[in-house]
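Notes to accompany the following structure.
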Amino acid sequence: MKVYVPRDAAARALGADAVARAIEAMAAAQGHEITLIRNGSRGMIWLEPLVEIEIDGVRHGFGPMTAADVTGLFDERHPKALGPVEDIPFLANQTRLTFQRVGVIDPLDLPDYEAHGGLAGLRRALGMTGAEIVAEVTESGLRGRGGAGFPTGIKWNTVLGAEAAQKYIVCNADEGDSGTFADRMIMEGDPFCLIEGMAIAGIGVGATRGYVYLRSEYPDAIAVMNKAVRIARETGLLGASLLGSDKAFDMEIRVGAGAYVCGEETSLLNSLEGKRGVVRAKPPLPALEGFLGRPTVVNNVISLATVPVIFEKGAAHYRDFGLGRSRGTIPLQIAGNVKFGGLYETAFGTTLGEIINGIGGGTASGQPVKAVQVGGPLGAYFGPEQFDTPFGYEEFDGAGGLIGHAGITVFDETADMSRLARFAMEFCAVESCGKCTPCRIGAVRGVETIDRIVAGDATAVPLLEDLCETMKDGSLCALGGFTPYPVLSALRLAPEDFTLAREAAE
Ligand SMILES: Cc1cc2nc3c(=O)[nH]c(=O)nc-3n(C[C@H](O)[C@H](O)[C@H](O)COP(=O)(O)O)c2cc1C
Ligand code: SF4
């Protein structure tokens with residue numbers, strides 16, 4: 001009998017290890033022969049730890065489990081039984097392309113990976129020229145999932161066209177946005193997919209070395225990725241001869257120290273080189289002068305982990321999903337005050353309202369939604385009157401926001417928007433790399449100005465708006481440049497929170 005208990009950090013934080021131990025002890029005591037597999041998470045966080053038992057080829061779910069719930073797990077009826085896992089609407093209604101194997105396979109079992117479509121993309125890419133590989137990615141319409149939404153094929157083409165003895169693939173696994181966990185889930189749940197994507201990127205642009213810059217706050221992901229790289233080397237998925245071909249690619253995992261700004265690509269490259277994580281001015285683009293001054297592809301985990309499925313199923317298959325210039329699928333990360341939080345991969349185009357109220361089931365508190373922050377700490381707050389906005393790069397830009405890494409954090413009506421605006425400025429002040437004045441000084445002044453507003457000084461409102469304009473226009477990178485988004489949207493969405501705080505102070 002196959003029993004699955006996730007090894008994912010979220011499931012472990014909710015007690016998955018104790019549940020796994022209890023299952024093993026019970027199986028031994030009752031004389032059941034079981035194979036316990038530590039899979040990735042299916043992404044339904046409210047059901048974690050989610051145990052699955054395979055019966056006649058169908059995986060039946062039980063959750064959320066505790067060690068005490070394990071008694072009777074192998075009997076006919078169990079109070080936590082959920083039926084076939086893949087029939088649960090949250091999972092059944094998704095379009096899982098990038099996440100097709102997460103939660104399904106044993107993350108470190110390479111044959112299991114291959115049995116579920118793994119390596120088909122790399123095998124196909126090995127039969128193509130670099131230019132054909134880059135053209136396939138361009139054709140797919142894939143855009144960067146790290147935040148800026150830059151077309152991946154165009155970036156790769158620049159690196160392909162650059163002349164250099166050595167080029168690099170750098171995977172940005174810093175995942176600093178609040179409420180995001182898609183990168184972590186892929187690395188913990190399907191690490192070979194990221195390795196395969198990086199290898200395809202390498203043979204596409206002519207880079208033989210790669211690095212994953214992984215945040216130190218992700219110890220589970222670091223452990224799984226290191227093991228996966230070791231297995232990949234031992235089995236010829238990495239090394240001097242990729243899958244027995246004449247193409248070489250090798251990679252290693254580097255651990256960052258957890259500064260938000262080290263997720264910005266040039267700051268990341270400095271940190272990777274052992275320098276202080278300060279943003280570099282562009283140009284030169286990293287694609288031309290990146291790691292150690294060499295042409296470098298810097299891509300987010302999800303961008304790179306989406307490459308194998310594009311090569312497995314074809315660019316046209318991927319491009320057929322989506323809306324406008326946002327092609328394919330997006331792994332939404334629904335978090336905050338929400339009933340059904342977790343990872344939901346779907347084609348671009350679902351409205352924000354459908355995501356929050358339909359998929360997410362509304363707030364966990366049962367109170368009305370007041371605001372939703374989309375795109376991490378630099379993303380704008382959206383109110384329910386904007387819930388008809390379809391999820392897409394241009395659509396969110398047009399509505400005064402950004403999709404960023406597709407993190408969605410829900411707040412109910414108890415949220416005080418003046419405190420959230422203050423937090424945005426404070427976050428920027430703490431995380432600023434210090435290179436440019438509008439961000440380094442502006443964020444500190446921003447905190448002070450918001451404090452003045454809530455203390456009753458109405459003349460400080462236009463001052464705050466002016467300061468935001470300066471930060472937007474004058475900052476070197478998006479940390480200072482986008483902090484005004486949450487601040488101004490909070491002010492627009494709930495001016496009464498700023499006034500009420502003023503009145504309370506008076
Ligand atoms: C302050 C700041 C933090 C960022 N943090 C991340 C991050 O944690 N992960 C990420 O992939 N991109 C992050 N980015 C975006 C990167 O600079 C870059 O655009 C991205 O890694 C490119 O990969 P993509 O094209 O695949 O999205 C950040 C940008 C800024 C300005
Ligand atoms: S905007 Fe802030 S983080 Fe970005 S370069 Fe300027 S000081 Fe550094």
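Counting convention: from 1, in listed order, for ligands and their atoms alike. Throughout, numbering of the chain's residues begins at 1 and tracks the sequence.
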Those atoms of ligand 1 less than 4.0 Å from some heavy atom in [X]:
{"X": "Asp174", "result": "8 (O)"}
{"X": "Asn299", "result": "23 (O), 24 (P), 25 (O), 26 (O)"}
{"X": "Val298", "result": "22 (C), 23 (O)"}
{"X": "Arg145", "result": "26 (O), 27 (O)"}

- Could you check Arg12, Arg7, Arg184 and say which one makes a side chain to side chain donor-acceptor pair (under 3.5 Å) with Asp220? Arg12

- Task: State the CE-CG distance between Met425 and Leu420, to the nearest 0.5 angstrom.
- Result: 13.5 Å

- Calculate, to the nearest 0.5 Å, the distance between atoms CD1 and CZ belonging to Ile195 and Phe249 respectively. 9.5 Å

Provide, to 0.1 Å, the distance between [atom] and the closest protein heavy atom, together with that atom's residue and name.
{"atom": "atom 29 (C) of ligand 1", "value": "Glu264 CA, 3.7 Å"}
{"atom": "atom 12 (N) of ligand 1", "value": "Asn172 ND2, 3.1 Å"}
{"atom": "atom 26 (O) of ligand 1", "value": "Ser303 OG, 2.6 Å"}
{"atom": "atom 18 (C) of ligand 1", "value": "Glu265 OE1, 3.8 Å"}
{"atom": "atom 11 (O) of ligand 1", "value": "Asn300 ND2, 2.8 Å"}

- Message: Would Gly176 count as a polar contact of ligand 1, with the cut-off being nitrogen or oxygen pairs under 3.5 Å?
- Response: yes

- Message: Please report whether ligand 1 has a polar contact with Tyr260, defined as an N or O pair separated by less than 3.5 Å (distance criterion only).
- Response: no

- Taking heavy atoms and a distance under 4.0 Å, where does Phe482 meet ligand 1: side chain, backbone, both or neither? neither

- Message: Taking 4.0 Å as the limit for heavy-atom contacts, which would you say applies to Glu175 with ligand 1: side chain only, backbone only, both, or neither?
- Response: backbone

- Message: Less than 4.0 Å is my threshold; does some heavy atom of Lys155 fall inside it relative to ligand 1?
- Response: yes

- Message: Considering only residues two or more places apart or on different chains, which pairs with a residue in residues 251-271 satisfy ring pair (Phe, Tyr, Trp, His ring centres under 6.0 Å)?
- Response: Tyr260-Phe427

- Item | Pairs involving residues 116-138, ordered by first then second residue, that meet ring pair (Phe, Tyr, Trp, His ring centres under 6.0 Å) (sequence neighbours left out) | none

- Note on the structure: Counting only protein N, O or S atoms (no waters) closer than 2.8 Å to atom 8 (Fe) of ligand 2 gives 1

Got a salt bridge between [X] and [Y], using NZ or NE/NH1/NH2 to carboxylate O under 4.0 Å?
{"X": "Glu273", "Y": "Arg280", "value": "yes"}
{"X": "Glu114", "Y": "Arg123", "value": "yes"}
{"X": "Glu139", "Y": "Arg319", "value": "yes"}
{"X": "Asp497", "Y": "Arg419", "value": "no"}
{"X": "Lys282", "Y": "Glu265", "value": "yes"}

- Nearest neighbour of atom 16 (C) of ligand 1 from the list Pro286, Gly263, Gly146, on a heavy-atom basis: Gly263

- With sequence neighbours left out, write down each residue that passes side chain to side chain donor-acceptor pair (under 3.5 Å) with Glu175, or none if nothing qualifies. Tyr218, His405

- ring-ring contact (aromatic ring centres under 6.0 Å, His included), paired with Phe382, selected from Phe391, Tyr485, Phe396: Phe396

- For Tyr344, the option from Phe90, Phe99, Phe181 that meets ring-ring contact (aromatic ring centres under 6.0 Å, His included): Phe90

